[in-house]
Amino acid sequence: MIRKFLRHVFRRGAPSMPHAPAKIPVARHGIRRERVSVGARRTCEALQHAGHKAYIVGGAVRDLIAGIEPKDYDIATDATPEQVRSLFRRARIIGRRFQIVHVMQGGETLEVSTFRAAHDAHTVKDEHGRVLRDNVFGSIAEDAARRDFTVNALYYDPATETVIDYHDGVADLKQKTLRMIGEPTQRYREDPVRMLRAVRLSAKLGLTLDPAVRAPIREMAELMENVPAARMFDEMLKLLFSGHSVECLKRLRDDGLHHGLLPLLDVILEQPLGEKFVMLSLASTDARVKAGKSLSPGYLFATLLWHEVLAAWEARKAKGDVPIPALYEAMDEVLDMQAEKLAITRRIVGDIKDIWALQPRFEKRAGKSPYRLIELPRFRAGYDFLVLRAESGEIDMELATWWHDFQNADHEAREAMLVPDSGPKKRRRRVRGKKSAGEGDAVVSASSEA
Ligand code: ATP
Ligand code: MG
């Protein structure tokens with residue numbers, strides 16, 4: 001009894017305490033080495049051949065057991081980054097916070113990291129307990145203990161087809177439970193991003209959050225504020241491009257996790273007008289992920305924030321601002337608000353703005369304008385965005401259909417489609433003055449009335 005209790009305490013309370021791992025044979029976990037990518041197998045073989053330990057670790061092992069094709073492979077080894085690099089022809093050391101080695105095998109890139117130790121009393125933390133640095137090499141047991149969830153701490157050896165399991169991860173996976181290694185509140189304090197990871201991984205794998213994993217989230221969500229904006233952006237991208245974004249967001253909402261967590265999430269989940277638009281966009285993103293199609297972060301973020309832009313734009317126009325400059329100001333306002341918490345990279349910000357700025361131009365169906373528009377490199381993205389706006393009911397479907405037909409028509413048919421221009425060029429120069437009803441801003445009326 002006492003021994004059992006102690007074992008329980010050591011497992012849960014002191015994750016770095018090494019204990020003998022379970023060695024699970026292929027009959028129980030089901031991963032035959034043929035299912036593992038050739039590059040991952042070769043990398044492990046080469047390391048082992050040189051006398052090192054080497055395992056496939058983390059998400060790939062978890063996904064293979066769950067019957068999901070891993071999107072990439074991580075390898076853990078007791079070789080140092082220098083030793084790893086010296087063993088491969090095409091390998092380079094990357095990373096500042098913690099060095100890892102990228103090994104190229106055929107078209108694959110394998111991420112090889114040296115076993116890392118869990119932090120101790122000397123670990124550098126911020127005032128909220130967030131770990132700032134954890135770059136001490138360690139044993140495989142320590143490496144397992146510093147990982148977040150039991151299902152993520154599995155080590156697969158392709159040579160023997162065994163899984164090394166320190167924290168009952170295989171059993172948890174089979175029972176469809178996401179359980180934390182160690183004490184959840186402490187692990188969230190060390191790295192608040194684990195809360196988002198819990199939601200994302202549970203959605204991806206169809207796992208139930210262990211009550212101890214789920215319960216503290218609502219209260220601790222505010223710790224996410226201290227996470228650097230660049231890291232937050234990476235995690236949000238992972239979540240949105242997981243192929244399960246709709247499910248992730250549903251779970252976030254159910255857990256009350258979106259409140260104040262990120263302005264972006266409030267935007268996504270709390271705008272009645274934009275909800276249909278955002279959900280359509282996320283559903284189509286999920287479908288694209290599942291079909292293995294390319295993804296554009298700029299397009300997705302443009303959809304997520306569009307109704308914010310519409311609202312800010314509307315407010316400016318109501319004050320009497322000139323429509324097009326007002327749109328640009330509204331765009332900046334919305335992006336600046338996100339920037340504090342979420343460091344959207346500059347290139348992506350450029351893509352987002354391009355897509356938004358194109359929208360009023362779809363209203364112009366006269367003269368040379370439509371011809372110029374379809375030649376623009378961003379036309380396709382802008383058009384897809386327009387269709388989504390129509391599908392969500394924000395604008396009339398007629399406009400999207402017109403552009404569909406215009407693209408597919410020959411020159412003669414296009415000429416016939418052009419809507420006679422009501423405002424000759426002369427009027428355009430008069431923008432600053434008071435507009436005669438509907439003239440000056442006919443260009444943007446449809447989108448602004450939504
Ligand atoms: P995905 O399928 O999205 O790649 P993943 O679990 O592989 O999921 P990665 O970000 O690729 O996620 O991380 C690889 C592994 O590193 C994880 O499986 C886990 O063992 C460990 N890990 C990642 N992030 C954390 C974290 N915040 N805290 C502790 N361990 C982590
Ligand atoms: Mg991974």
Side-chain angles (χ1 to χ4, degrees), residues 15-16 36-37 40 55-77 95 97-98 100 102 108-119 123 125 129-135 138 140-156 163-167 169-170 172-173 178-207 213 217 220 223-224 226-228 231-245 247-248 286 289-290 295:
S16 58
V36 171
S37 84
Y55 303 93
I56 297 163
V57 68
V61 183
R62 175 199 72 210
D63 290 355
L64 283 167
I65 296 178
I68 300 171
E69 182 68 20
K71 67 177 182 338
D72 45 36
Y73 284 84
D74 295 323
I75 310 243
T77 179
R97 185 160 169 257
F98 191 81
I100 57 171
H102 273 178
E108 282 182 74
T109 301
L110 292 307
E111 218 170 275
V112 183
S113 27
T114 306
F115 295 144
R116 243 184 287 178
H119 9 83
T123 307
K125 296 183 181 174
R130 191 168 65 85
V131 172
L132 298 177
R133 240 173 290 134
D134 57 346
N135 46 4
I140 177 171
E142 289 170 312
D143 189 82
R146 71 160 184 92
R147 292 177 186 272
D148 45 9
F149 304 103
T150 62
V151 298
N152 281 347
L154 301 171
Y155 297 75
Y156 176 74
V163 166
I164 301 194
D165 183 359
Y166 283 87
H167 299 280
V170 172
D172 285 339
L173 195 51
L178 193 72
R179 197 160 56 83
M180 188 75 84
I181 297 172
E183 214 284 296
T185 57
Q186 187 194 335
R187 303 302 311 273
Y188 288 146
R189 228 171 282 125
E190 290 165 4
D191 182 6
V193 160
R194 288 172 183 150
M195 292 182 253
L196 272 185
R197 287 179 55 83
V199 173
R200 173 167 67 85
L201 293 174
S202 72
K204 169 175 173 172
L205 295 151
L207 305 181
V213 167
I217 289 183
M220 299 186 79
L223 289 178
M224 212 97 61
N226 312 310
V227 176
R231 171 115 196 270
M232 221 49 217
F233 178 67
D234 287 347
E235 284 300 325
M236 276 310 289
L237 260 195
K238 278 194 191 179
L239 191 146
L240 295 170
F241 285 169
S242 64
H244 304 268
S245 65
E247 179 63 21
C248 282
D286 287 352
V289 174
K290 285 172 186 152
L295 295 160

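Just so you know, ligand 1 is whichever comes first in the structure, and atom 1 is the first atom listed for that ligand. Any value given below was found using the heavy atoms of this structure, including those in side chains, with hydrogens, waters and symmetry copies removed.
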| query | Quick one: does ligand 1 sit under 4.0 Å from the side chain of Glu235, the backbone, both or neither, non-hydrogen atoms only? | reply | neither

| message | Taking 4.0 Å as the limit for heavy-atom contacts, which would you say applies to Asp74 with ligand 1: side chain only, backbone only, both, or neither? | response | side chain

So, regarding [X] and ligand 1 (criterion: nitrogen or oxygen to nitrogen or oxygen, under 3.5 Å), is there a contact or not?
{"X": "Arg187", "answer": "no"}
{"X": "Lys204", "answer": "yes"}
{"X": "Gly59", "answer": "yes"}

| request: Can you sort out the partners of Ala60 under side-chain contact (heavy atoms from CB on, under 4.5 Å), two or more places apart, ordered by chain and number? | output: Ile56, Pro70, Tyr73

Could you report the tightest heavy-atom contact between [X] and [Y], atom names first, then the distance?
{"X": "His244", "Y": "Asp286", "value": "N-OD1, 3.5 Å"}
{"X": "Cys248", "Y": "Leu239", "value": "CB-CD2, 3.7 Å"}
{"X": "Ala144", "Y": "Ile181", "value": "O-CD1, 3.5 Å"}
{"X": "Asp165", "Y": "Val170", "value": "OD2-N, 3.0 Å"}

| query | Applying a strict 4.0 Å limit to heavy atoms, is Arg231 in contact with ligand 1? | reply | yes

| request: Tell me, please: is Asp191 in heavy-atom contact with ligand 1, that is, under 4.0 Å? | output: yes

| request: Check salt bridge (charged side-chain N to carboxylate O under 4.0 Å, His left out) between Glu111 and all other residues, then give those that pass, not counting sequence neighbours. | output: none

| field | Shortest heavy-atom approach to atom 19 (C) of ligand 1 - which of Asp148, Ile68, Leu196 | value |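 The option holding the nearest heavy atom is Asp148.
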
| request: For Gly58, counting its heavy atoms only, list the atoms of ligand 1 lying under 4.0 Å from any of them. | output: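 Counting atoms of ligand 1 from 1, those under 4.0 Å from Gly58 are 18 (O).
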
| Can you list the atoms of ligand 1 that are under 4.0 Å from a heavy atom of Arg146? | 29 (C), 30 (N)

Got the closest protein heavy atom to [atom], with its distance?
{"atom": "atom 22 (N) of ligand 1", "value": "Arg197 NH2, 3.7 Å"}
{"atom": "atom 28 (N) of ligand 1", "value": "Arg194 NE, 2.8 Å"}
{"atom": "atom 5 (P) of ligand 1", "value": "Arg62 NH1, 3.7 Å"}
{"atom": "atom 1 (P) of ligand 1", "value": "Lys71 NZ, 3.1 Å"}
{"atom": "atom 21 (C) of ligand 1", "value": "Arg147 NH1, 3.6 Å"}
{"atom": "atom 10 (O) of ligand 1", "value": "Lys238 NZ, 2.6 Å"}
{"atom": "atom 3 (O) of ligand 1", "value": "Arg200 NH1, 2.5 Å"}

I'd like to check [X] versus [Y] (side-chain heavy atoms, cut-off strictly below 4.5 Å). Are they in contact?
{"X": "Ile100", "Y": "Val112", "answer": "no"}
{"X": "Glu247", "Y": "Lys204", "answer": "no"}
{"X": "Tyr156", "Y": "Leu64", "answer": "no"}

| Six-ring centre of Phe98, Arg116 cation under 6.0 angstrom, axis tolerance 45° | yes

| task | Using the side-chain hydrogen bond (donor to acceptor under 3.5 Å, both in side chains) rule, pick out the option among His167, Arg62, Arg147 that qualifies with Asn152. | result | Arg62

